[in-house]
Amino acid sequence: MMTKAQWSHCLEEMDKMFPDAHCELVHSNPFELLIATVLSAQCTDALVNKVTKDLFQKYKKPEDYISVPIEELQNDIRSIGLFRNKAKNIQALSLMLIDQFNGEVPPDRDVLTTLPGVGRKTANVVVSVAFGVPAIAVDTHLERVSKRLGLARWKDTPLQVEEALMKKTPKELWSKTHHQMIFFGRYHCKAQNPQCPVCPLLDVCREGKKRMKNRDVRV
DNA sequence: AACTCGGGGCA
DNA sequence: TGCCCAGAGTT
């Protein structure tokens, strides 16, 4: 397993590679971030941003989302995947915010998870980006990178990966680490054709060294 | 643990 | 045109 010192070195190298890593969802308040993050499940942030530009012009408050027929909301988000589920979740979620939370987004990860369409990953993004709560939102990028580097075991669940990362990372860096790892995973440590031959983390990466030894990697 | 829900992007 | 990408909920 990777040591804390090695992981600290990795974070420094990722910072050099992606100094501008940041949340890519376009939003101006916690409610918009919540909607954008729910929409982002199983699709890219770039795709979500195409939809939310118009969406947030039309829908400002939870009340606005439940004031239209579900077919209309479905149509407004049709170009992203899973739009029927997401439209239903957003209307149910808006109703819950009005009924239980005075129309506000609760700034608590475990409370957010009770909302429909909000799992642990989405809740972690919302509390960390909107409310500054230290959190590491584990998506497929973080999961893959953590397992390749040797920070987590191959059989670990996303929650186990999150716990391993929190254990090895200073708390004040949790939120930043999430964004760095997203960029590193998407553009460098890709699911297909990871850039091991030019990777600055190669000397401490379990999977990278294995791949270089086997030389089945395209350079 | 496996399955389902749906599109866009890209080769 | 077929493969790859990206979470939550249910069984």
Side-chain angles (χ1 to χ4, degrees), chain A residues 18 21-27 32-55 65 70-97 105-106 108-130 135-148 152-166 175 178-196 207 211 216-218:
Chain A
F18 305 102
H22 62 284
C23 179
E24 294 181 290
L25 294 170
V26 174
H27 63 278
E32 286 188 0
L33 177 68
L34 176 61
I35 298 296
T37 312
V38 167
L39 290 176
S40 77
Q42 290 293 102
C43 81
T44 62
D45 292 352
L47 192 56
V48 172
N49 287 337
K50 289 185 181 178
V51 171
T52 52
K53 190 168 195 271
D54 289 336
L55 198 70
Y65 286 99
I70 189 150
E71 292 78 13
E72 183 174 342
L73 182 55
Q74 283 178 3
N75 196 54
D76 289 333
I77 62 173
R78 184 165 288 278
S79 61
I80 67 174
L82 312 175
F83 59 89
R84 292 180 190 86
N85 285 337
K86 290 174 182 177
K88 187 176 70 176
N89 284 337
I90 286 172
Q91 288 198 326
L93 168 163
S94 297
L95 206 52
M96 280 184 68
L97 290 184
V105 178
D108 182 283
R109 202 260 316 283
D110 295 320
V111 176
L112 283 166
T113 302
T114 67
L115 299 172
V118 180
R120 192 175 177 90
K121 185 263 180 181
T122 297
N124 274 334
V125 169
V126 171
V127 293
S128 77
V129 175
I136 301 179
V138 174
D139 68 350
T140 59
H141 293 300
L142 271 77
E143 190 172 342
R144 180 181 67 255
V145 170
S146 300
K147 290 177 178 184
R148 280 181 177 166
R153 296 176 292 263
W154 287 108
K155 297 184 68 173
D156 281 351
T157 63
L159 181 57
Q160 288 175 308
V161 173
E162 182 184 329
E163 287 166 347
L165 286 170
M166 290 191 294
S175 299
H178 160 74
H179 295 122
Q180 288 179 297
M181 291 182 76
I182 293 267
F183 277 71
F184 180 70
R186 181 178 308 149
Y187 300 114
H188 194 89
C189 192
K190 298 179 286 188
Q192 260 72 39
N193 301 325
Q195 308 296 298
C196 302
E207 179 70 9
R211 282 172 182 262
D216 54 0
V217 189
R218 280 187 283 162

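What you see is a predicted model; the values in this text were computed from it and never measured. The figures here come from the full heavy-atom set of this structure, side chains too, leaving out hydrogens, waters and symmetry mates.
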Novice: Given A:S79 and A:K50, is the side chain to side chain contact (heavy atoms under 4.5 Å, CB included) satisfied, shown in steps?
Specialist: CA-CA 9 Å; A:S79 61; A:K50 289 185 181 178; 5.8 Å; no
Novice: Checking side chain to side chain contact (heavy atoms under 4.5 Å, CB included) for the pair A:D76/A:D54: CA distance, chi angles, key distance, verdict?
Specialist: CA-CA 8 Å; A:D76 289 333; A:D54 289 336; over 6 Å; no
Novice: Between residues 111-118 of chain A and DNA chain C, which residues have a heavy-atom gap below 4.0 Å?
Specialist: A:L115, A:P116, A:G117, A:V118
Novice: Grab the OH-C1' distance between A:Y187 and C:dA6 for me, whole Å please.
Specialist: 14 Å
Novice: Taking 4.0 angstrom as the limit, do A:K121 and A:E143 come out as a salt bridge?
Specialist: no
Novice: Does any N or O in the side chain of A:N89 come within less than 3.5 Å of the main-chain N or O of A:A92, such that one atom is a donor and the other an acceptor?
Specialist: no
Novice: What's the CD1-C1' distance between A:I136 and C:dG7, to the nearest Å?
Specialist: 18 Å
Novice: Could you tell me the separation between the CG atom of A:N193 and the C1' atom of C:dC5, rounded to a whole number of Å?
Specialist: 14 Å
Novice: Distance check needed: C:dG9 P versus A:I90 CD1, whole Å only.
Specialist: 13 Å
Novice: Look at all strands and tell whether A:K190 reaches a base, only sugar-phosphate, or nothing, counting heavy atoms closer than 4.0 Å.
Specialist: nothing
Novice: Taking only the P atom of each, what is the distance from C:dA6 to B:dA11 in whole angstrom?
Specialist: 16 Å
Novice: Taking the C1' atom in each of B:dC10 and C:dG7, what is the distance between them to the nearest angstrom?
Specialist: 22 Å
Novice: CG of A:L39 versus C1' of C:dA8: gap in Å, rounded?
Specialist: 13 Å
Novice: Could you tell me how far apart A:L93 (CG) and C:dA8 (C1') are, to the nearest whole angstrom?
Specialist: 13 Å
Novice: If only atom types and distance count, is the side chain of A:N49 paired as donor or acceptor with the main-chain N or O of A:E24 below 3.5 Å?
Specialist: yes
Novice: Could you tell me how the ring of A:F18 sits relative to the ring of A:F184: parallel (under 30°), tilted (30 to 60°) or perpendicular (over 60°)?
Specialist: perpendicular
Novice: What is the separation between atom CG on A:N85 and atom P on C:dG9, rounded to the nearest whole Å?
Specialist: 10 Å
Novice: Do any side-chain nitrogens or oxygens of A:T140 fall under 4.0 Å of OP1 or OP2 in C:dG7?
Specialist: yes
Novice: Of all nucleotides in DNA chain B with an atom under 4.0 Å from a non-hydrogen atom of chain A, which is the first and which the last going 5' to 3'?
Specialist: B:dC5 to B:dG9
Novice: More than 12 foreign heavy atoms under 6.0 Å from NZ of A:K147: is that the case here?
Specialist: yes
Novice: Return the value, rounded to whole Å, for the distance between atom CD of A:E162 and atom C1' of C:dG7.
Specialist: 14 Å
Novice: Scan residues 70-83 of chain A against DNA chain C and write down, sorted by residue number, each residue with any heavy atom closer than 4.0 Å; if none is found, say none.
Specialist: A:L82
Novice: For the side chain of A:T113 and the backbone of A:R109, is there at least one donor-acceptor N/O pair under 3.5 Å apart?
Specialist: yes
Novice: Under 3.5 Å, side chain of A:T52 to main-chain N/O of A:L55, donor-acceptor pair present?
Specialist: no
Novice: Give me the distance, rounded to whole Å, that separates C:dT11 from B:dG6 when you measure between the P atoms they each carry.
Specialist: 16 Å
Novice: Can any side-chain N or O of A:H141 pair as donor or acceptor with the backbone N or O of A:D139 at less than 3.5 Å?
Specialist: no
Novice: Contact class for A:N89 vs. all strands (heavy atom < 4.0 Å): base, sugar-phosphate, or nothing?
Specialist: nothing
Novice: Which heavy-atom pair separates A:C23 from A:L33 by the least distance, and what is that distance?
Specialist: SG-CD1, 4.4 Å
Novice: Set out, in order, the CA-CA distance, both residues' side-chain angles and the distance that settles side chain to side chain contact (heavy atoms under 4.5 Å, CB included) for A:Q180 and A:V145, then state yes or no.
Specialist: CA-CA 11 Å; A:Q180 288 179 297; A:V145 170; over 6 Å; no
